[in-house]
**Student:** 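My questions will all concern the structure given below.
All values below were derived from every heavy atom in this structure, side-chain atoms included, with hydrogens, water molecules and symmetry-related copies excluded. Residue numbers begin at 1 in each chain, while the letters A, B, ... track the order of the sequences.
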Number of protein chains: 2
Amino acid sequence: MSDPSQPVTRKTQQRDAIRKAFVDASRPLGPQEVLDLALESVPGLGIATVYRTLKKFLRDGVLQIVELPGAPNRYELTGLDHHHHFCCRACDRVFDVDGCPEQVADLAPAGFELEAHEVVLYGVCSSCTANG
Amino acid sequence: MSDPSQPVTRKTQQRDAIRKAFVDASRPLGPQEVLDLALESVPGLGIATVYRTLKKFLRDGVLQIVELPGAPNRYELTGLDHHHHFCCRACDRVFDVDGCPEQVADLAPAGFELEAHEVVLYGVCSSCTANG
DNA sequence: TGAATAATGAGAAGTCAATATCATTTGTGA
DNA sequence: TCACAAATGATATTGACTTCTCATTATTCA
């Protein structure tokens, strides 16, 4: 479990706050969003620590990257069921979407080896629809 | 047809070569790919001209942007039928994929307004499969 | 509690795609 | 052919996101 090439991990307020941000949000978060949310728990938290922690959580398998077209990377907790994402064009937040169109696997041209796929929905989320 | 806010458009070797690159390739191209392909027609072509021309072609409706997760923008000719894209992880080229999973429209959560969607396939293209 | 050292915060520095600058070249209509 | 202005090529610059540096702080365990 311990990797001798990595220093011993300590438990810190900052890391707890960052982990908590993901658990509470239940949606993919970008670095700035993580900072904004975690600042509520740890005033003074810096963006550098957010980036460092995201990187560490990736290494540790706590988080995984969510890449979206034309947008900076988001991060989400690992271990979720296969799902896709909805980007709200009004608030720029990203939400999880359950399910997956089965025919996706049939789209690949003949002779192409399909290894993975992404489905990204765009529109307006329910809270923006209500408030907008 | 002519926009008085824009200078008179001239016909140049460079623009012809860039347009030709898209027609010949029949797939989305990134700026560097465009440069590489168009250099065969116009030695000395610069990357700045490629960017300028892509922007102009976007304004003119000749090209449209293809945004892909975690990758720089590609561009493709407008007027194609609705389609999606396949990214080859070996050669990093992007190919068009005909068709669309119909159930995509059903994925959006209740209360969310779906306006558009993207489907991106990842894998190995046929030529890389053959040569790899 | 105290030494060792991991972690942090602030700001500098790096990356990389995309844009701006400017002297030179080239296309176009007269 | 000429004169004007659009277009180009080389390069500097921007802008955003991310990483690095280093002095300081905080955690851990003997």
**Student:** Ignoring hydrogens and angles, does a donor from either the side chain of A:Arg52 or the base of C:dA7 sit under 3.5 Å from an acceptor on the other?
**Tutor:** no
**Student:** Ring-plane angle category for A:Phe112 and B:Phe95, please: parallel below 30°, perpendicular beyond 60°, tilted otherwise.
**Tutor:** perpendicular
**Student:** Expressed as a whole number of angstroms, how long is the span from B:Arg10:CZ to C:dG27:P?
**Tutor:**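 B:Arg10 atom CZ is separated from C:dG27 atom P by 9 Å.
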**Student:** Using whole Å, what does the distance between atom C1' of nucleotide C:dA7 and atom CG of A:Leu45 come to?
**Tutor:**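 Nearest whole value for this atom pair: 12 Å.
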**Student:** OP1, OP2 of C:dA17 versus side-chain N and O of B:Gln32: anything below 4.0 Å?
**Tutor:**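 The answer is no; no side-chain N or O of B:Gln32 sits under 4.0 Å from OP1 or OP2.
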**Student:** Report yes if the side chains of B:Arg15 and B:Ile18 come closer than 4.5 Å at any heavy-atom pair, otherwise no.
**Tutor:**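 No, every pair of side-chain atoms sits at 4.5 Å or beyond.
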**Student:** When you match B:Asn73 and B:Gln13 each to their closest nucleotide on DNA chain C, which lands nearer the 5' end?
**Tutor:**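 Of the two residues, B:Asn73 wins.
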**Student:** Nearest to the side chain of A:Ala48 - C:dT19, C:dG11, C:dA18?
**Tutor:**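 Given the options C:dT19, C:dG11, C:dA18, the side chain of A:Ala48 is closest to C:dG11.
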**Student:** Separation of B:Tyr75 atom OH from C:dA18 atom P, in whole Å?
**Tutor:** 5 Å
**Student:** I want to check one thing: is the phosphate of D:dA7, taken as OP1 and OP2, less than 4.0 Å away from some side-chain N or O of B:Thr12?
**Tutor:**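 The answer is no; no side-chain N or O of B:Thr12 sits under 4.0 Å from OP1 or OP2.
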**Student:** Do A:His83 and A:Cys100 have side chains that approach each other closer than 4.5 Å (heavy atoms only, starting at C-beta)?
**Tutor:** no
**Student:** Starting at atom CD1 of A:Ile47, determine the distance to atom C1' of C:dG9, rounded to an integer number of angstrom.
**Tutor:**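 About 12 Å, once rounded to whole Å.
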**Student:** Can you tell me how far C1' of C:dG27 sits from CD of B:Gln14, to the nearest Å?
**Tutor:** 11 Å
**Student:** If I take atom CG in residue B:Leu35 and atom P in nucleotide D:dA10, what distance separates them, rounded to the nearest angstrom?
**Tutor:**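 So the two atoms are 10 Å apart, to the nearest Å.
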**Student:** I need the CG-C1' distance between A:Leu39 and C:dA10, as an integer number of Å.
**Tutor:** 14 Å
**Student:** Quick one: are B:Asp24 and B:Leu37 in side-chain contact, heavy atoms under 4.5 Å?
**Tutor:** no
**Student:** If only side-chain N and O atoms of B:Tyr51 are considered, is one of them under 4.0 Å from the OP1 or OP2 phosphate oxygen of C:dA18?
**Tutor:**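 True: B:Tyr51 side-chain N/O within range (under 4.0 Å) of C:dA18 OP1/OP2.
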**Student:** Could you give the CG-to-P distance, from B:Asp60 to D:dA7, as a whole number of Å?
**Tutor:** 10 Å
**Student:** For the pair B:Thr49 (side chain) and B:Leu45 (backbone), establish whether a donor and an acceptor sit closer than 3.5 Å, ignoring hydrogens and angles.
**Tutor:**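 Checked: no pair found.
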**Student:** At 4.0 Å (heavy atoms only), tell me whether B:Arg15 reaches a base, stays on the sugar-phosphate, or touches nothing.
**Tutor:** sugar-phosphate
